[in-house]
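For reference, the structure discussed in these notes is given below.
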Amino acid sequence: MYSLLLVDDERLELETLRDYIAWEKLGFDRVYTARSGRDAYDKVLRLKPDVMITDIHMPVMNGIELARQMYADGCTTKVVFLTGYDEFEYAKAALQVEAVDYILKPFSFDKIRTAMDRVKELLHKEELLKKSVRVYGKRLLCKVIDNEGESGREACRQFLDICEWDKEEWFGLVTTKACPEDYIMEQVENSLSEVVYSIRGGGGKKGTYYLVRYFVDFRESAERICARLEELGLHTCVIFYPEKLSVDQLYDAVRFLEELRERAFYVPGGNVISARQLEEQVKLLEGEEENREVSRRILGEMKELLHTQCLEKKADRLEVFLLEYFDKLNNNPRKCFYILEEMSFFLSEIYDACAARKKEARLPGKPELKAAVYQALNLEELRRFCLENGLEGIRRLGDRKAEESRKYEHVVSCVKQYVEAHYGDSICVEALASDIGLSPNYVRSLFKESEGTTINEWIVEFRMEKACALLTDRRLKVKEISRMVGYENSSYFCSVFARRFGVSPNEYRLEILG
């Protein structure tokens, strides 16, 4: 939809033109009016309509003079003349001031529609051309900031030529570490009038740069960009270059800002800072290897914590370690690459510990965890992510161990109850497992891991204890006791008993009963 200004010094003719035509059906949703050439000129400058239909014959400033003055001032409004004089001289005058068309009075809907269709076609072509030039201009700017030497200088020359950018024209430069989606960059560009271009550096991997008009306050513009990004859901710090630049200075300015990217990692999201301030305020430690001792100690303690058997307060202890780790970084900033590497390693350890106990541990997948770590825009965001996922992982790990412990207790209890009920019979582990509803090998494994002995060994031990109790009854013969505790062969029973206690059943009875 387009905007339209109607100009005529005759009130009735102007109102008729405004109300007689269904302008919205023709593609014009905003229709303004003016009663004189001077009034029309002021409204063109203020409202910037896409199209103006104006009467030629008006006092003080006629339609031809109005059009000439507009174009002299750089206005791009398309002009259509409305006149009751079907003479060549007026048509020639209209062409001389680059009018798109002219309509003879009395006007009709068809005449106006035909003229408006022609104007809209012209506007559409110009819009496409502007978009293509703008897109190509962005590509050239990307080459300027990414290429040194003749390649970058050639891209600079092409940009100045194609985009009609004055070589001496200045601009400000604002950057973020974030690389938002295209639609977010377009939203910022379209909603903030001072933003001329938004481009990505390093093929989209080295942040985003916003070129702003030089006559605005750069800090204020950076704050507006930061606020707009927040509205669009992107919580990041914004850095502005403090001096105005020309296009051929862009490469060096971007290199300087790129050197500050490691320092920008320590600026919380939502903050705005000058590049010079950032350079002075955030000092990275030199000699990375020498300065990793504290981090290694904390990471080592956290890793050891993962493999301890005691689950009490494990998440609390991990939280203390993580807070200490990030507190040390705030006081002694290091290159963020090493930090991301360490946190990726640590969260992977948690994931592996959880996955080893149960594949469907309720954590993000390992690749997703690593990707999220390396996409952290600042230390604050990394700290929040690691605390959330690290503590969750520890809790899940504790839950898994508790769940396994409950499972062990259930299986062991079922096995012992079954043996107590059937110790006098021939006990088969397969039958026992079927009674529990689990596989025999799984039952054997859980029982051994929990009790430190096999099911068969425990059955023998239980039968021997029962046999000892029965031997205190003089009325029972050894052969009867053998059958009562599940041994049909009394000789084999005596052999097992002797191995367990070092004496035969009868010798045991004599020792006990005298």
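What you find for Arg383 and Phe326 is that their closest heavy atoms are CA-CZ, 3.6 Å. Contact between Tyr266 and Leu284 at its shortest, heavy atoms only, is CE1-CD2, 3.9 Å. Pairing each heavy atom of Ala155 with each of Lys143, the nearest pair is CB-CB, 3.7 Å.
For the side-chain contact (heavy atoms from CB on, under 4.5 Å) test, residues two or more places apart in sequence or in another chain that qualify with Val133 are Leu129, Ile162, Cys163. Partners of His124 according to the ring-ring contact (aromatic ring centres under 6.0 Å, His included) rule, which considers only residues two or more places apart in sequence or in another chain, do not exist here.
For Tyr423 and Phe462, the gap between ring centers is short of 6.0 Å. Proximity of the aromatic rings of Phe497 and Tyr508 is defined here by a centroid distance below 6.0 angstrom, and this criterion is met. Aromatic pair Phe159/Tyr197: centroids less than 6.0 angstrom apart.
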Throw together a table of side-chain donor-acceptor distances under 3.5 angstrom for residues 476-488, partners on residues two or more places apart or in other chains.
unit_1 : atom_1 : unit_2 : atom_2 : d
Glu480 : OE1    : Lys477 : N      : 2.9
Ser482 : OG     : Tyr487 : O      : 2.6

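Note: Phe256 and Tyr241 have perpendicular aromatic rings, judged against thresholds of 30 and 60 degrees for the angle between ring planes.
With a 6.0 Å radius and a threshold of 12 heavy atoms from other residues, nucleotides or ligands, Glu181 has its CD atom at or below the threshold.
Once rounded to the nearest 0.5 Å, the distance linking CG of Leu278 with SG of Cys237 reads 7.5 Å.
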